[in-house]
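These notes concern the structure reproduced below.
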Amino acid sequence: MIGEGGRGERRLALWLCAPATIVMIAVTGWPILYSFLLSLRRADLRFPEDQEWIGLANYATVLGNAYWWTAFGVTLLITVVSVVIELVLGMLVAVAMYRTVVGRGLVRTVVLIPYGIVTVAAAYGWKYAWTPGTGWLANLLPEGTAPLTQQGPSIAIIILAEVWKTTPFMALLLMTGLALVPEELLRAASMDGANRWQRFTKIVLPLMKPAILVALLFRTLDAFRIFDNIYVLTNGAQNTSSVSIIAYHNLIGGLNLGIGSTMSVLILISVAIIAFVFIRVFGAAAPGSEPR
Amino acid sequence: MIRTVAVALLAGAVAGCGSSEGGIAQVNLYNAPQQNIQAIADRCNRLAGGRYRIVVNVLPRDADGQREQLVRRLAAGDPGLDVLGLDVTWTAELAEAGWIREWTGSYAERARAGTLAMPLDTAIWRGKLYAAPYNTNVQLLWYRSDLVAAAPVTWQGIMDAARRLAAEGKPAYGEVPGAQYEGLAVWFNSVVASAGGSILTPDGDAVALGPPALRALGVMREYARSKAADPSLSNTHEDEARLAVEGGRAAFEVNWPYVYASMKANRPDILPYFKWAAYPGIDGPGRSPLGGANFAISRYSGHPREAFEAALCLRDAESQRIAAIKDGLPPTIEAVYDEPEMARVYPMRQAILDALKTAAPRPKTPVYQNVSTVISAVLSPPAGIDPPVTLAELRRQVGDALQSKGVLP
């Protein structure tokens, strides 16, 4: 039962939330709705006279197009491979950061440097490093190899840049998970004869699961929307477009707001599915929800 | 305190964007990188006598980057753009979107006066003039006269000569832009035009691609599988073609005239045998690809009169002479070709003028970007062309692009 005072407090709470909610609706809700409306139209800036409602025709066009599915496949590949590598490396780095006794501050600072560098600036660093003639990495390859002009090597370099850049972020999230593991539990286990590996797999990992799932969720959503690294390294040449790059090319390069918005909506749906799978299927705690 | 700072910043920003400084209209030129454009603008500023002052803004080096920056600003109605340096293929798109102004009255008359017909046509969309031609360009056939006595006239002629040269163990390749990029679409466009056809109907509203296109696809397939084809044909852009001839691997190339200056600098020993001829065709001489740049005036320019005047000065005969001699950009005003220095820098100028009479303009359509992307994707690699199947695929995808159903990769 809510009393008279409780109801008043509730109303006050709603009033206090209102400004933030209105701002949220204005800056996220409206653009999402607007791009959904655009995706139902022939909205091509090159044909301003021919704008019309065309229902789901744009979706049929995009979903029936080979470029879109290539980009989708490339995005999934980059997402899965880079997140897996980041998880393993991130765990190693997290343990190292957590267990370091001497120079702890220095180690943590050094590890975080790649994450502190602007992605575009780092991507240019990688690009020049892999450019034949001027690049220190390209010069290690046999004469005449230009890795950024072929699909496979380009994707490998994109993944490398992505992993180098975001492993520290993964490590940071995982380290907060490590801090949750009580030291006594590990000592007790070791008294019972559990070796290092057993302690890690039977105690540390299960206790860290919420932190790991949140880290994976964040990184998967990020990796799926990958844009800057690809934009700088290949700009989608040789079938290396991600879904964000192909949406950008159609929206800004092609001036086709209908097709571009359709792609944006499809990306939003994909991201929602990823988040749903993580939260419902794997049971990751949604950020802000009560710990179970 | 904070408010004072904010107001001061705002005032500064407004002054920075301001269109006039002490009564002199500021005309912002957005142009592709060109070494001596500042000198050309300085000359116009002197001639303007205080009516306007051109400020040069340099666009990115690659064509896609240039177009992207321009359309992004134009879509947002940016008043900071006045004169726009456009690739010849963008006229239809920007005109149809309503972003560039029609040239009328005395401005149009001055832009047309003495201008070569083909470059002028690239500035026209649906019968209206939307830009003033600045420079032009045509591809020619370049060959080694120490390897062949006379230049081949047709693609078949190059294939025959290559077979002979290969049998003698001499450099035999004839370089073409075969990589998956706009150059491949440009090559296809020229072969189709040489066969008497076109990609789109003249109004740009529908797909043409009739029997001549089928014939063109057959020629390209045969060429890519002949002795004339460099093994790296499907990865060759203009620059790799140039390097293959300079490196002594190839006997022929179709390319823009800049290869001559490059040969002079890099391989003076080959230069005496490095000759040019008309672009190859099918039954006779072919129709060259046509390039170049035009100046247009933004719809959102705050002082169009000064912008039109500035654009006309930037492309007048003297400006074009400077651009031609110092930056290697062939002029669009015919009389400039008679300047004495032109003979030294452009020994091939008569071939350029001849090619300009028959050159094959690229498809005029607002969706040129999609059309060219689709063509290069479908035709790549050229050795894999299967004429009837490839033609059907081209017709379908180009048709989709015209209906805003084209998807860019």
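Below, chain A is the first sequence line, B the second, and so on; all start at residue 1.
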Please, which pairs that meet salt bridge (Lys or Arg N to Asp or Glu O under 4.0 Å) have at least one residue in residues 400-409 of chain B, sequence neighbours excluded?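 Residue pairs passing salt bridge (Lys or Arg N to Asp or Glu O under 4.0 Å), neighbours aside: R396(B)-D400(B).
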Can you pull out every salt bridge (Lys or Arg N to Asp or Glu O under 4.0 Å) where at least one residue sits in residues 30-47 of chain A? Sequence neighbours excluded, please.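 Those involving residues 30-47 of chain A are D44(A)-R46(A).
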Mind checking which of residues 56-83 of chain A sit less than 4.5 Å from chain B, heavy atom to heavy atom?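 Heavy-atom contacts from residues 56-83 of chain A to chain B are T61(A), N65(A), Y67(A).
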Within residues 231-249 of chain A, residues adjacent to chain B where the heavy-atom gap is under 4.5 Å: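 Heavy-atom contacts from residues 231-249 of chain A to chain B are Y231(A), S241(A), I246(A), Y248(A), H249(A).
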Distance check, rounded to the nearest 0.5 Å: N250(A) atom CG versus S404(B) atom OG?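 Between atom CG of N250(A) and atom OG of S404(B) there are 11.0 Å.
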Between atom CZ of R67(B) and atom CD1 of I252(A), what is the distance when rounded to the nearest 0.5 Å?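 The CD1 atom of I252(A) is 10.5 Å from CZ of R67(B), to the nearest 0.5 Å.
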Under a 4.5 Å cut-off applied to non-hydrogen side-chain atoms, are Q369(B) and L255(A) in contact?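 When only atoms from C-beta onward are counted, L255(A) and Q369(B) do not touch, as no gap falls below 4.5 Å.
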Greater than 12 external heavy atoms within 6.0 Å of W53(A)'s CH2: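 Yes, the 6.0 Å shell around CH2 holds more than 12 heavy atoms from other groups.
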In terms of heavy-atom contacts, does CD of Q35(B) have more than 12 from other residues, nucleotides or ligands at under 6.0 Å?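 No, the 6.0 Å shell around CD holds no more than 12 heavy atoms from other groups.
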Which region of I259(A), side chain (C-beta onward) or backbone (N, CA, C, O), has a non-hydrogen atom less than 4.5 Å from a non-hydrogen atom of chain B, or is it both or neither?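 Side chain only.
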Part of [X] lying under 4.5 Å from any heavy atom of chain A:
X	result
Q180(B)	neither
A95(B)	neither
L402(B)	backbone

Look at the side chain of N256(A) and the backbone N and O of V407(B), then say whether any donor-acceptor pair between them is shorter than 3.5 Å.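 No, because the side chain of N256(A) does not come within donor-acceptor range (under 3.5 Å) of the backbone of V407(B).
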Measure across L45(A) and A75(B) and return the closest heavy-atom pair with its distance rounded to 0.1 Å.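 Minimum heavy-atom contact is CD1-CB, 4.1 Å.
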